[in-house]
Chemist: 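Got a structure for you, written out below as structure tokens; questions coming shortly.
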There are 4 protein chains.
Amino acid sequence: MAEDADPARKSIGARRNPASADAILEAAEAVLVEAGYAGFSIEAVARRARAGKPTIYRWWPSKAALLLEVYQRQKRVDVPDTGRLEEDLVGFLNNLFAHWRETSSGSVFRSLIAEAQSDDAASAALADYALGRRSHTGQMVERARARGEIGADIDAALVADLIASFAWKHLLTNRLDEDEATIRKAVHYVMRGIAVPGR
Amino acid sequence: MAEDADPARKSIGARRNPASADAILEAAEAVLVEAGYAGFSIEAVARRARAGKPTIYRWWPSKAALLLEVYQRQKRVDVPDTGRLEEDLVGFLNNLFAHWRETSSGSVFRSLIAEAQSDDAASAALADYALGRRSHTGQMVERARARGEIGADIDAALVADLIASFAWKHLLTNRLDEDEATIRKAVHYVMRGIAVPGR
Amino acid sequence: MAEDADPARKSIGARRNPASADAILEAAEAVLVEAGYAGFSIEAVARRARAGKPTIYRWWPSKAALLLEVYQRQKRVDVPDTGRLEEDLVGFLNNLFAHWRETSSGSVFRSLIAEAQSDDAASAALADYALGRRSHTGQMVERARARGEIGADIDAALVADLIASFAWKHLLTNRLDEDEATIRKAVHYVMRGIAVPGR
Amino acid sequence: MAEDADPARKSIGARRNPASADAILEAAEAVLVEAGYAGFSIEAVARRARAGKPTIYRWWPSKAALLLEVYQRQKRVDVPDTGRLEEDLVGFLNNLFAHWRETSSGSVFRSLIAEAQSDDAASAALADYALGRRSHTGQMVERARARGEIGADIDAALVADLIASFAWKHLLTNRLDEDEATIRKAVHYVMRGIAVPGR
DNA sequence: AGGTAACCGAGACGGTACGTCAAGTCTTCGT
DNA sequence: ACGAAGACTTGACGTACCGTCTCGGTTACCT
């Protein structure tokens with residue numbers, strides 16, 4: 001922890017104090033991990049960060065904004081590039097599940113989704129974020145299309161959406177411990193389809 | 001409205017008063033529609049239902065339980081049976097999106113998912129519910145398997161999960177107005193796959 | 001305890017069940033002793049007596065009525081008759097303090113006084129009761145007057161009031177452990193006065 | 001009323017707002033006068049004072065504390081000094097009865113006594129208060145002793161207690177309308193005694 | 001160089017909602 | 001017909017946060 005050096009942070013003049021901002025974001029993450037979304041309140045974050053509530057409200061107009069910045073601050077999951085889309089997608093889902101499971105980002109993202117159901121700003125931010133991630137993840141698909149691995153008319157964003165949907169639902173229903181075989185099967189369905197070829 | 005007949009509901013003896021229960025469930029739904037999840041409080045429901053808070057707490061131990069019963073009370077979406085799985089799935093998603101869009105169930109279900117992120121009981125209930133719906137929706141897939149329309153080793157529950165995931169993510173990110181073409185495309189990907197056949 | 005014989009008392013037909021009445025009065029006293037006036041609620045009494053609240057309300061219209069009956073059910077303090085008023089009064093106060101200290105009647109009476117400050121029925125009942133006790137206690141004084149021990153024009157009721165006041169104030173301010181010397185001194189002041197005789 | 005000037009009192013920084021404190025104490029007194037001890041709830045006071053409940057709880061940990069401060073805020077009764085103890089005591093009781101009758105302090109003090117029967121803090125506060133008043137009232141007696149008007153060995157505090165007891169019991173049993181003759185008689189008994197002198 | 005403006009922590013403010021307890025009333029069931 | 005019992009509405013309890021406000025103090029920027 002960095003904040004123990006300065007138990008009473010002061011103003012550094014008429015500008016944002018990065019030490020405060022950091023302390024607040026760290027505290028927000030810690031509160032979320034320790035008390036969950038239910039215990040995530042601005043008061044709790046302020047207490048933990050030894051910050052005043054107005055300092056938080058000054059920079060983050062809502063709980064959602066704070067949540068969003070906490071989430072964006074975290075390391076992103078790598079998008080693999082093995083040369084084979086199926087492997088890329090399985091690897092991506094594996095990485096994502098592990099990341100959500102093993103760091104605090106799972107909790108943070110769940111909270112963000114929950115918050116978005118009652119806060120319009122969070123909702124818009126989440127939609128935006130999802131859009132961005134969709135095109136990011138879609139790059140895997142686009143690379144495969146460029147390689148001729150999949151049909152030229154395939155909608156990369158839609159595929160990315162399908163894959164992300166699968167991940168979201170697992171996150172939201174506490175099923176991040178899915179084994180790789182299931183993930184692989186799901187990806188395989190999307191790659192090869194489930195219909196009997198001849199019909 | 002049924003409650004205007006008796007503006008001051010009384011006890012009907014030492015047993016649950018169905019009029020109160022109905023009024024509470026209706027009020028809960030109305031509050032959710034009018035004020036959204038953010039305005040959905042036990043107090044607001046009690047006020048709207050002209051019921052006492054303890055009456056609500058007696059029968060529904062938590063906000064989640066109330067939410068869940070409100071959701072389950074609503075009409076379910078039909079699972080089509082056209083003889084062709086692709087049409088069934090497209091029809092199902094179309095129906096589901098329309099149902100969520102046009103009745104209050106979309107709001108209710110979003111709220112339930114949000115609540116499940118902070119309440120363990122709601123989380124368990126949602127997981128349970130999702131499990132039940134998965135096998136229910138999976139019947140479409142099983143029928144197709146029985147018809148030989150899809151491979152015999154296809155995991156029906158997983159397919160249902162994939163389809164439901166797509167719906168959930170659209171619900172949670174305010175994209176229920178998706179046009180049928182996109183839905184059809186997504187279903188088609190799952191049916192036929194996206195990979196170039198020859199490879 | 002009498003109620004352990006029948007853990008589930010039933011109606012005995014269209015008349016008051018004395019077992020219930022007794023159980024309720026005993027429970028009321030027990031609750032008062034164990035939880036004090038703060039914990040004395042009709043609910044608590046009903047729980048402890050294994051009775052329904054309406055059964056209590058049927059026979060005692062208010063908390064005050066129940067309290068009053070509990071108090072009146074208890075043994076009264078003896079009014080001594082030693083032939084000397086001073087000894088009678090000291091003895092009476094000693095007995096009363098001991099009685100209040102060592103049985104539950106102190107708690108009960110305190111509660112009754114407290115209740116009388118917010119409940120008109122209790123207030124009237126307490127005034128009535130005090131009036132009765134005043135004339136009762138006044139008998140000691142009247143006997144002394146008949147003996148010629150005190151002036152013929154002495155207002156016996158007023159003297160009784162003065163003595164009782166002293167007791168009440170000690171009860172209400174937790175000073176029932178007053179030693180006999182103080183009591184004797186107070187009584188002596190009333191008997192002989194405090195003024196220097198010659199002036 | 002002073003509060004109509006500012007219908008929405010705000011914080012004045014990280015310290016107690018005297019306007020709020022005043023409004024709360026005034027509201028408490030008003031509620032007590034208008035609704036009696038039975039209607040005296042923190043909620044009612046908060047509503048009347050246009051204050052939040054937590055603001056009350058922040059400064060007064062219990063109903064008793066609020067009651068006590070309301071009582072102490074009121075004007076005290078004068079202790080007369082006529083040069084003759086008997087007149088002093090009669091005057092004091094007359095003033096006290098009139099004060100209790102004609103201002104709200106009678107109600108307030110009755111409530112405080114009632115509260116003390118169920119709240120330990122109130123009980124201790126009341127005992128403290130009574131102790132203080134006893135020595136205060138006792139000054140009348142001590143002055144008389146210094147003048148040689150009463151015996152040198154007279155316990156002034158005990159006499160004050162006796163006089164106060166008489167007042168308390170009258171307050172608690174709704175007999176503040178006692179005529180001066182009775183008061184005078186009671187005081188006379190304490191001054192000159194009731195026993196026939198020669199015996 | 002001095003004044004000012006914006007920041008900082010702190011914590012009080014009026015509120016809303018929480019989940020619980022009790023009050024007193026009502027109705028059905030059982031005796 | 002009446003007693004027993006639990007559900008009912010109502011309202012207060014004491015607590016947690018909400019988002020806003022003002023304070024006293026600090027520092028950098030701009031006259």
Side-chain angles (χ1 to χ4, degrees), chain A residues 7-17 19-20 39-44 46-47 49-59 61-63, chain B residues 8-17 19-21 39-44 46-47 49-59 61-63, chain C residues 8-17 20 39-47 50-59 61-63, chain D residues 7-17 19-21 23 39-44 46-47 49-59 61-63:
Chain A
R9 250 181 342 265
K10 293 301 179 61
S11 167
I12 57 167
R15 67 192 200 286
R16 184 173 187 171
N17 185 342
S20 286
F40 181 74
S41 66
I42 298 288
E43 295 244 355
R47 258 197 308 272
R50 297 184 163 283
K53 278 198 289 175
T55 305
I56 299 184
Y57 281 110
R58 186 165 9 249
W59 302 113
S62 70
K63 202 143 75 163
Chain B
R9 244 179 353 261
K10 293 299 178 60
S11 165
I12 56 167
R15 66 195 199 285
R16 184 173 188 170
N17 186 341
S20 287
F40 181 74
S41 67
I42 298 287
E43 296 244 356
R47 259 197 308 273
R50 297 183 164 283
K53 277 196 291 175
T55 302
I56 300 185
Y57 281 108
R58 194 184 338 270
W59 301 112
S62 69
K63 203 142 74 164
Chain C
R9 249 182 346 267
K10 293 300 178 58
S11 168
I12 57 168
R15 66 193 195 282
R16 182 172 184 171
N17 185 339
S20 286
F40 181 74
S41 66
I42 298 289
E43 295 245 355
V45 173
R47 257 198 309 275
R50 297 182 165 283
K53 278 196 290 175
T55 304
I56 298 183
Y57 280 109
R58 188 171 358 259
W59 302 111
S62 70
K63 200 144 75 164
Chain D
R9 254 182 337 265
K10 294 298 180 58
S11 166
I12 56 166
R15 65 193 199 284
R16 185 171 190 171
N17 186 341
S20 287
F40 181 73
S41 66
I42 298 286
E43 295 242 358
R47 259 197 308 274
R50 295 182 165 285
K53 275 198 291 175
T55 303
I56 300 185
Y57 281 108
R58 187 166 10 251
W59 302 111
S62 69
K63 202 143 74 163

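Every chain is numbered from 1 and lettered A, B, ... according to where its sequence line falls, protein lines coming before strand lines.
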Chemist: Quick one: is D:T55 getting a side-chain N or O under 4.0 Å of the E:dA12 phosphate, OP1 or OP2?
Modeler: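 So the side-chain polar atoms of D:T55 never come under 4.0 Å of the phosphate oxygens OP1 or OP2 of E:dA12.
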Chemist: Please report the distance, rounded to the nearest Å, between CZ in C:R58 and C1' in F:dA4.
Modeler: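 Computing the C:R58:CZ to F:dA4:C1' distance gives 7 Å.
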Chemist: On DNA chain E, nearest-nucleotide positions of D:R16 versus C:S62: which is more 5'?
Modeler: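 It is D:R16 whose nearest nucleotide is closer to the 5' end.
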Chemist: Of all the heavy-atom pairs spanning D:G52 and D:A46, show the shortest one and how long it is.
Modeler: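 So the minimum-distance heavy-atom pair works out to C-CB, 4.4 Å.
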Chemist: Map D:A14 and B:P61 onto DNA chain E by nearest heavy atom, then report which one ends up closer to the 5' terminus.
Modeler: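 Taking each residue's closest nucleotide, the earlier one in sequence belongs to D:A14.
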Chemist: What is the separation between atom NZ on A:K53 and atom P on E:dG15, rounded to the nearest whole Å?
Modeler: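 From A:K53 NZ to E:dG15 P: 16 Å.
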Chemist: What's the OH-C1' distance between C:Y57 and E:dT27, to the nearest Å?
Modeler: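 Value for this atom pair: 17 Å.
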Chemist: Under 4.0 Å: is that the gap between some side-chain N or O of A:S11 and OP1 or OP2 of E:dG9?
Modeler: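 So the side chain of A:S11 is outside the cut-off, no N or O lying under 4.0 Å from OP1 or OP2 of E:dG9.
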Chemist: Closest heavy-atom contact between D:N17 and D:K10?
Modeler: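 Smallest interatomic distance, heavy atoms only, reads ND2-O, 2.9 Å.
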Chemist: To the nearest Å, give me how far apart CD1 (B:I12) and P (E:dT27) are.
Modeler: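 Interatomic distance, CD1 of B:I12 to P of E:dT27: 10 Å.
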Chemist: Please give me the minimum heavy-atom distance between A:A44 and A:G39, naming the atom from each residue.
Modeler: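 Looks like CB-O, 3.9 Å.
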Chemist: Would you say B:R9 reaches F:dT9's phosphate, i.e. side-chain N/O to OP1/OP2 under 4.0 Å?
Modeler: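 Indeed, a polar side-chain atom of B:R9 lies that close.
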Chemist: In whole Å, what is the span from the CD1 atom of A:I42 to the P atom of E:dG11?
Modeler: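 Roughly 18 Å, once rounded to whole Å.
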Chemist: Pick the closest DNA chain F nucleotide for D:P54 and for D:G13 by heavy atoms, then say which residue is nearer the 5' end.
Modeler: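 Nearest nucleotide further toward 5': that of D:P54.
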Chemist: Is the phosphate of E:dG11, meaning OP1 or OP2, less than 4.0 Å from a side-chain N or O of D:R15?
Modeler: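 For E:dG11, neither OP1 nor OP2 has a side-chain N or O of D:R15 closer than 4.0 Å.
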Chemist: When you match B:N17 and A:R47 each to their closest nucleotide on DNA chain F, which lands nearer the 5' end?
Modeler: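 Between the two, 5'-proximity favours B:N17.
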Chemist: Measuring from the side chain of B:K63 (C-beta onward, heavy atoms only), which nucleotide among F:dA7, F:dC17, E:dC18 has the closest atom?
Modeler: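 The answer is E:dC18, which lies nearest to the side chain.
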Chemist: Using a cut-off of 4.0 Å on non-hydrogen atoms, how would the nucleic acid contact of D:A44 be classed: base, sugar-phosphate, or nothing?
Modeler: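 Nothing, no heavy atom under 4.0 Å.
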Chemist: Could you state the CD-C1' distance from A:E43 to E:dG15, rounded to the nearest angstrom?
Modeler: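 Distance check: A:E43 CD to E:dG15 C1' gives 13 Å.
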Chemist: Between C:I42 and C:I56, which heavy-atom pair has the shortest distance, and what is it?
Modeler: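 Nearest heavy atoms, C:I42 then C:I56: O-CD1, 3.9 Å.
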Chemist: Check for a donor-acceptor pair, side chain of A:R50 on one end and backbone N or O of A:R9 on the other, with a separation under 3.5 Å.
Modeler: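 Not confirmed, A:R50 side chain does not pair with A:R9 backbone.
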Chemist: Hey, does the side-chain of D:K10 have a donor or acceptor N/O within less than 3.5 Å of a partner on the base of E:dG14?
Modeler: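 Absent.
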Chemist: Rounded to whole Å, how long is the line connecting atom CD1 of C:I56 with atom C1' of E:dA22?
Modeler: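 So the CD1-C1' distance, C:I56 to E:dA22, works out to 12 Å.
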Chemist: Do any side-chain nitrogens or oxygens of A:W59 fall under 4.0 Å of OP1 or OP2 in E:dA6?
Modeler: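 Negative; the distance criterion is not met.
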Chemist: Could you tell me whether the phosphate oxygens of F:dG3, OP1 or OP2, come under 4.0 Å of any side-chain nitrogen or oxygen in C:S20?
Modeler: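 Negative; the distance criterion is not met.
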